[in-house]
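What follows is a set of notes on a single structure, which appears directly below.
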Amino acid sequence: MTLFEQISEDIKAAMKARDRVRLDTLRNIKKVFLEAKTAPGANDTLDDADALKIIQKLAKQGRESAATFAQQNRQDLADNELAQVAVIESYLPKQLDEAEIEAQVQEIIAATGASGMKDMGKVMGIASKQMAGKADGRAISTVVRRLLS
């Protein structure tokens, strides 16, 4: 079952359970998926890798919105955003911690023979593809920078 089909099934389950937050969040995800499927050049398809990127983007936007609401003393809106982020993150694979990221980056550096900051782009390209959906790009970049300098 693809991620798109899973979201559709979960929408039905949320309707039956009368879970408003989950239902609204899943409908929003499905809307974004449909927009991606019907975009020019998409050929009416959406593979799981692209769907994961979309879900990651939505989760990041939700966290940023929640932080903005909290800064503006609107905790009610921040709580609502965080509840939606929790639903969105349930579709993401388990996130890697810093030690796991570091171990994978060290393997990549050894395999590519990278020796300094001039090789950061090469290492980041491989690391980003290898850890897509499992780690935040900023966290990967921080580890790569630390290990190469």
Side-chain angles (χ1 to χ4, degrees), residues 1-14 17 19 21-71 77-149:
M1 179 180 289
T2 66
L3 206 47
F4 183 80
E5 293 165 344
Q6 181 66 46
I7 296 287
S8 297
E9 290 298 314
D10 290 348
I11 287 174
K12 293 176 194 172
D19 186 346
V21 172
R22 187 169 186 79
L23 180 62
D24 290 344
T25 304
L26 293 174
R27 281 182 172 163
N28 185 42
I29 293 171
K30 187 170 181 179
K31 176 187 73 95
V32 176
F33 281 0
L34 288 171
E35 289 171 354
K37 280 179 81 166
T38 58
N43 298 329
D44 201 34
T45 59
L46 180 69
D47 62 356
D48 279 353
D50 291 334
L52 269 178
K53 287 179 187 173
I54 291 170
I55 290 176
Q56 276 186 309
K57 181 179 174 186
L58 291 173
K60 183 178 179 184
Q61 287 174 343
R63 283 190 297 272
E64 289 171 354
S65 295
T68 302
F69 289 140
Q71 287 174 348
L77 295 175
D79 291 341
N80 187 28
E81 282 293 327
L82 290 174
Q84 290 183 10
V85 168
V87 171
I88 293 169
E89 287 179 339
S90 69
Y91 292 94
L92 291 173
K94 179 190 166 289
Q95 298 295 297
L96 299 173
D97 63 16
E98 191 167 343
E100 293 169 322
I101 294 171
E102 187 170 328
Q104 288 192 21
V105 169
Q106 285 175 339
E107 289 175 16
I108 293 168
I109 289 172
T112 60
S115 58
M117 288 302 289
K118 67 183 184 318
D119 297 321
M120 183 169 175
K122 181 173 27 172
V123 174
M124 276 300 296
I126 297 168
S128 296
K129 286 180 185 159
Q130 191 174 0
M131 294 182 247
K134 299 176 189 168
D136 181 48
R138 188 174 293 137
I140 297 170
S141 175
T142 303
V143 171
V144 169
R145 215 178 285 274
R146 182 167 38 86
L147 293 176
L148 288 178
S149 58

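Heads up: numbering here begins at 1 and tracks the sequence.
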Exercise. How close do K134 and P93 get, heavy atom to heavy atom, and via which atoms?
Worked result: CG-CG, 4.4 Å

Problem set entry | Exam field: side chain S149 to backbone R145, donor-acceptor pair closer than 3.5 Å | yes

Output side-chain donor-acceptor pairs under 3.5 Å for residues 64-71, partner residues at least two apart or in another chain, one line each.
| unit_1 | atom_1 | unit_2 | atom_2 | d |
| --- | --- | --- | --- | --- |
| S65 | OG | Q61 | O | 3.0 |
| T68 | OG1 | E64 | O | 3.0 |

For this session: Among D19, L23, D24, find the residue that satisfies the side-chain contact (heavy atoms from CB on, under 4.5 Å) test when tested with V21.
Result: D19

For this session: State, to 0.1 Å, how close M124 and I140 come at their nearest heavy-atom pair, and which atoms those are.
Result: SD-CG2, 3.8 Å

For this session: Evaluate the side chain to side chain contact (heavy atoms under 4.5 Å, CB included) criterion for residues V105 and M131: first the C-alpha distance (whole Å), next the side-chain angles of each, then the deciding distance (0.1 Å), finally the verdict.
Result: CA-CA 10 Å; V105 169; M131 294 182 247; 3.8 Å; yes

Problem set entry | Option passing side-chain contact (heavy atoms from CB on, under 4.5 Å) with E102 (candidates E100, Q104, Q106) | Q106

For this session: Supply the atom-to-atom distance D48 CG to I54 CD1, rounded to the nearest 0.5 angstrom.
Result: 11.0 Å

For this session: Would you indicate whether the side-chain heavy atoms of V32 and L58 approach each other to under 4.5 Å?
Result: yes

Exercise. With a 4.5 Å heavy-atom cut-off, do T142 and E98 have their side chains touching?
Worked result: no

Exercise. Does S90 use its side chain to pair, donor to acceptor, with the backbone of V87 at less than 3.5 Å?
Worked result: yes

Exercise. Just by modelled atom types, is the L46 backbone N or O under 3.5 Å from a matching donor or acceptor in the D50 side chain?
Worked result: no

Exercise. Are any non-hydrogen side-chain atoms of I55 and F33 less than 4.5 angstrom apart?
Worked result: yes

Problem set entry | Trace of the side chain to side chain contact (heavy atoms under 4.5 Å, CB included) decision for R27 with K31 | CA-CA 6 Å; R27 281 182 172 163; K31 176 187 73 95; over 6 Å; no

